[in-house]
Amino acid sequence: MAEAVAVTAVRGRERADEYRAIGLASAAHFANHFQNMVLPPLFPLLTKQLGIGFVELGVALTVANVVSVAAQLPAGSLVDRLGARRMLVIALLVSAVALIGVGALPNYPNLLLASAVLGLANSVFHPADYAMLSARIASKRLGRAFSVHTFSGFLGTAVAPLAMLALAATVGLGAALIAAGIIGVVAAVPLLCFGTDSMRADERIISGVAVSVPGMRAILTPTVLFLTGFFALLALSGTGISNFSVGALTAAFGTPLSVANVALTAYLSAQAIGVLAGGLIADRTRRHSEVAALGYAINAAIVLAIGTLGLGPVPLALAMAAAGLLGGLIMPSRDMLVRAAAQPGAVGRTFGIVTGGFNIAGVIGPLMFGYLLDLGAPRWVFGLSVILMLLTTVVALVGDRGFASNRRRAAVASAD
């Protein structure tokens, strides 16, 4: 009886530790996505306030992405050595300083500097969040933890535009930027108060043996490099829909702006729901590559229909919602592939390398899809998305064979 009570107490503490880790990582991810979405809704106000054009504002976003790509690997290394909690606190406070600074002194040089600093801070979040969750969540619940974490980021992205426009209208542009910076401070407080430094990946113990931090040569495996390209393809295939579908629909089919925006809202909302459902799928299967491949194959057919049929308002919203739902379902399985490829003591660096694919897509994607619109080929926004989705499907299936072969070799090696 006493043993049963003790086991129950231990399990209760473990679950509480897991919930705390999910809450801390998700709050940081919400703040990160919110702050990444602060500037775009304010572009019309910034052009007037700073006396610049949209090209200059685009340069600011490019600066943020380039810095984030360059800093992703060093940030992952610091996460593995200093701990996820410490790095998240630093990143949240650095991003807060950047936004507060440009809000207090709004001019273009400060905006460029703030964008670079935000890109630097952004490089920390994925390595740190995933390292924290991987170290704290039981494997059988890790997919659901990843899905909640991803959902919190979508929520931050969804809330930011309306929140920033409302703040700018009520307290002014500068004060709105300062308020966005303060969100980083608010998210850092729970990490300071409730986090623990035992989240350091290099201090974890496996089978009673301390795990050493592997070198970069051991981390940069063909699987990790493959997954980096896979993540870039995933992000590129979604960029056309999330960022350019409104412009493409209005130009290609004369879709009213309000209808196109409702369709995009349906896409983004369904994507967030799909992420939560995808966590359940990821925890119930180890065939994550096949889940991703199947989802993107079906998605390609849906997006092809959107780009060729000229759907009415209701069918368009339903098709966009279906595309978003499938895109969301894939994401937890995508993250589980990376977790499986990461070596003990190198989770931060592995996610740092692989999620750099997002930033690569963030640099390339807008140029590709924007060029198609400028070229007068709006339907090809969907066409290129379909091609990228099909390519992603093929890459996932090919990669799955490699992953299976690696797993068999690892099993043989452990048996010997």
Side-chain angles (χ1 to χ4, degrees), residues 24-42 57 59-106 109-133 149-150 152-157 159-160 163-164 176-192 195 199 235 348-349 351-363:
L24 293 172
S26 297
H29 202 214
F30 174 91
N32 171 235
H33 274 247
F34 185 100
Q35 291 179 329
N36 285 344
M37 198 61 184
V38 160
L39 294 179
L42 301 178
L57 292 172
V59 168
L61 296 184
T62 300
V63 166
N65 275 291
V66 170
V67 171
S68 190
V69 169
Q72 201 95 353
L73 180 55
S77 298
L78 288 173
V79 167
D80 287 333
R81 295 183 182 280
L82 301 180
R85 182 187 70 91
R86 290 191 182 98
M87 290 301 297
L88 281 175
V89 170
I90 292 170
L92 287 165
L93 295 180
V94 166
S95 63
V97 169
L99 287 171
I100 291 171
V102 75
L105 295 171
N110 277 352
L111 180 65
L112 288 177
L113 178 61
S115 296
V117 174
L118 284 171
L120 182 64
N122 180 66
S123 68
V124 171
F125 286 92
H126 282 129
D129 286 346
Y130 284 117
M132 178 183 291
L133 293 174
H149 166 262
T150 303
S152 70
F154 281 130
L155 186 62
T157 300
V159 168
M164 292 310 299
L177 291 169
I178 291 172
I182 292 173
I183 288 174
V185 178
V186 172
V189 170
L191 283 160
L192 285 168
M199 292 174 184
R349 276 175 290 176
F351 272 101
I353 294 166
V354 172
T355 56
F358 291 151
N359 300 108
I360 294 170
V363 173

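- Remark: A116 pairs with V63, V67 by the side chain to side chain contact (heavy atoms under 4.5 Å, CB included) rule, at least two apart or across chains.
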H149 vs D129, test: side chain to side chain donor-acceptor pair (under 3.5 Å). Steps then yes/no.
CA-CA 8 Å; H149 166 262; D129 286 346; 2.9 Å; yes

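- Rounding to the nearest 0.5 Å gives a distance of 10.5 Å between CG of L24 and CG of L192.
- When all heavy atoms are compared, the tightest approach of N32 to N122 is ND2-OD1, 3.0 Å.
- A 4.5 Å side-chain heavy-atom check between L191 and L92 finds at least one atom pair inside the cut-off.
- The aromatic rings of H126 and H33 stand perpendicular to each other, their planes meeting at an angle above 60°, with 30° marking the opposite boundary.
- The shortest side-chain heavy-atom distance between L99 and I178 does not fall under the 4.5 Å cut-off.
- The shortest non-hydrogen separation linking L88 to F125 is CD2-CD2, 3.7 Å.
- Taking CD1 from I100 and CG from L105, the interatomic distance works out to 12.0 Å, rounded to the nearest 0.5 Å.
- For A187 against A31, the heavy-atom pair with the smallest separation is CB-CB, 3.8 Å.
- The heavy-atom pair separating S26 from S152 by the smallest distance is O-OG, 3.1 Å.
- Across every non-hydrogen atom of A128 and A84, the tightest pair is O-CB, 3.4 Å.
- Residue pairs meeting the side-chain hydrogen bond (donor to acceptor under 3.5 Å, both in side chains) criterion with at least one member in residues 87-106, sequence neighbours excluded, are Q35-S95.
- Atom CD1 of residue I182 and atom CG of residue L177 lie 11.0 Å apart, to the nearest 0.5 angstrom.
- Side-chain contact check for F34 versus T157: every heavy-atom pair is 4.5 Å or farther apart.
- Here the closest non-hydrogen pair linking V38 and M164 is CG1-CE, 3.7 Å.
- In this structure, the side chains of D80 and M87 stay at 4.5 Å or more apart for every pair of heavy atoms.
- Annotation: side chain of I90 is not in contact with side chain of L78 (no heavy-atom distance under 4.5 Å).
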